[in-house]
Amino acid sequence: MTFKATVQFEPFRVKTVDALGSASAERWNEAIQEAGYNPFNLRAEDILIDLLTDSGTSALSAEQWAAMMRGDESYAGSRSFYRFEKSFRDISGFEHIFPTHQGRASEHIFFTALARRSELTDLVIPNNTHFDTTRANIELSGIKAVDLLAAPGLDPALDHPFKGDMDVARLSKLLEEEGDKVPLVMLTVTNNAGGGQPVSMANIRAVSEICQQRGIPLILDACRFAENAMFIKRRERGYADRTPKEIAREMFSLADGCTISAKKDGMVNIGGILAMRDARLAEDCRNQMIASEGFPTYGGLAGYDMEALAVGLQEVLNEDYLNYRLDQAAYLGSKLEQAGIPIVRPTGGHAVFVDAGAMLPHIPPLQFPAWALSVHLYEIAGIRSCEIGSMIFAKKDAHGGELPAPYELLRLALPRRAYSRSHLDYVAEAMAYVMQNRRQVRGMAIVSQSPVLRHFTAKLAWIDERKAA
Ligand SMILES: *Cc1c(COP(=O)(O)O)cnc(C)c1O
């Protein structure tokens, strides 16, 4: 007989500790009031568990810290650049690789260079779902951004292995009708805006084939390439015996380039990557880069940042790490479901999305149920989360009134290697308490807001308090 454990424990031990923030409910109540009931305005010291984002919040490994000591800060041609380039080329096979300070910088450089090259003015770039910075950078370059997510991804309650897949039929139709206006096609792996849902290898291949037939490059927004590779290993036929790195290589082999925020699967606190096969486009990006980001062998990064990234890109493909990573989200998701809390199914790689609209049906969408849930969860438990609902995505109707977003979601994002299973148990307990007492959660109203990206700065109030005032 051999011993086989069933518990999915963290595949690392703690070497340096970082104290949690305030554990005082009194302080949480004061702090959120001082913050105008906007979790973005909270100070980290007032937060017990911070699940605002998985971006740039990873814990570094001992190997990464050790590599950082080797950082070569030469302005041009530093050793650190070549170590970073070698590490990412090993995974992606791309010829031209540039470091940048974060994902949106890669996007800005790439789309600006692309728009400059084109003589056409009414360009269109399709994606499964454009992430908000990607859409913003495409639109700033005067290009139209369209989302072509396949049907399963649009249904939050549907259990489907690859809810990030692109609708290939709609892509073919778009290319038939307006192919000459499409300078490239993008695929976001995993689909962040759609709940961190993966894209199957079959879908990447099908999109790649359509692009090849028409000579249009396929560019991956590959922020979470390793999580996507692991989902393929677990869920797609024929990949169970392949390593995550082999799968990632196959994903990149089907593409012509990528933009990456290294703050996700790069396992670093700051950094980005821009990479491609085409030498001419690379030349244009290099020129654009020098003007806005830095010399192409450092991008916006220090040598030690590139060292940490060179190591992080390899560590993220470790199978024990990826099993732990995907199981963390699944574990929290199943605990919430046991408490009767509706979540987006199945759980993605980097977060659990709670369906706040379904959980708090007594709060109408334009009283921001997911925002109210986020504030309430902080007030009672010191946990910070993020609204993905009408505060961010409401649209204006013809008369300037607001139309609610299609979903009211609360995102519990999981920083990489940062929180333990008992921290997640605490989050699940707090959420179960909220679920049991959900009638106590009231709607919220906006007191002040800015015209763009209002969620970062808006101030709010609980509804009946405002009426009483
Ligand atoms: C985070 C993210 C970006 C932008 O990257 P930043 O490093 O935050 O600038 C782009 N696309 C996706 C899918 C992301 O998750």
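Counting starts at 1 for both ligands and their atoms, following the listed order. Computed from a predicted structure; not experimentally measured. Scope of the values below: all heavy atoms of this structure, side chains included, with no hydrogens, waters or symmetry mates.
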Nearest protein heavy atom with distance in Å, relative to [atom]:
atom: atom 4 (C) of ligand 1; answer: T133 OG1, 3.4 Å
atom: atom 13 (C) of ligand 1; answer: D221 OD2, 3.4 Å
atom: atom 1 (C) of ligand 1; answer: K264 NZ, 1.5 Å

Residue pair Q102 / S261, side-chain donor-acceptor N/O under 3.5 Å: no
Would you please indicate yes or no on a ring centroid separation below 6.0 angstrom for [Y] and [X]?
X: Y37; Y: F368; result: no
X: F252; Y: F225; result: yes
X: Y324; Y: F12; result: yes

So, regarding [X] and ligand 1 (criterion: nitrogen or oxygen to nitrogen or oxygen, under 3.5 Å), is there a contact or not?
X: S261; result: yes
X: T188; result: no
X: G103; result: yes
X: R104; result: yes

Residue part near ligand 1, for K263, under 4.0 Å between non-hydrogen atoms: side chain
Ligand 1 atoms in contact with [X] (distance to a heavy atom under 4.0 Å):
X: E107; result: 10 (C), 11 (N)
X: R224; result: 15 (O)
X: N192; result: 13 (C), 14 (C), 15 (O)

Residues D122, K144: salt bridge by 4.0 Å N-O rule: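 A salt bridge is absent here (no side-chain N lies under 4.0 Å from a carboxylate O).
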All pairs passing ring pair (Phe, Tyr, Trp, His ring centres under 6.0 Å) where residues 180-214 contributes a residue, at least two apart: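 Residue pairs with at least one partner in residues 180-214: there are none.
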Contact check, side chains of D221 and E107, non-hydrogen atoms, under 4.5 Å: yes
Cation-aromatic face contact R70/Y304, 6.0 Å, 45 degrees: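 The answer is no, since R70 fails at least one limit relative to Y304.
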Non-hydrogen atom of C223 closer than 4.0 Å to ligand 1: yes
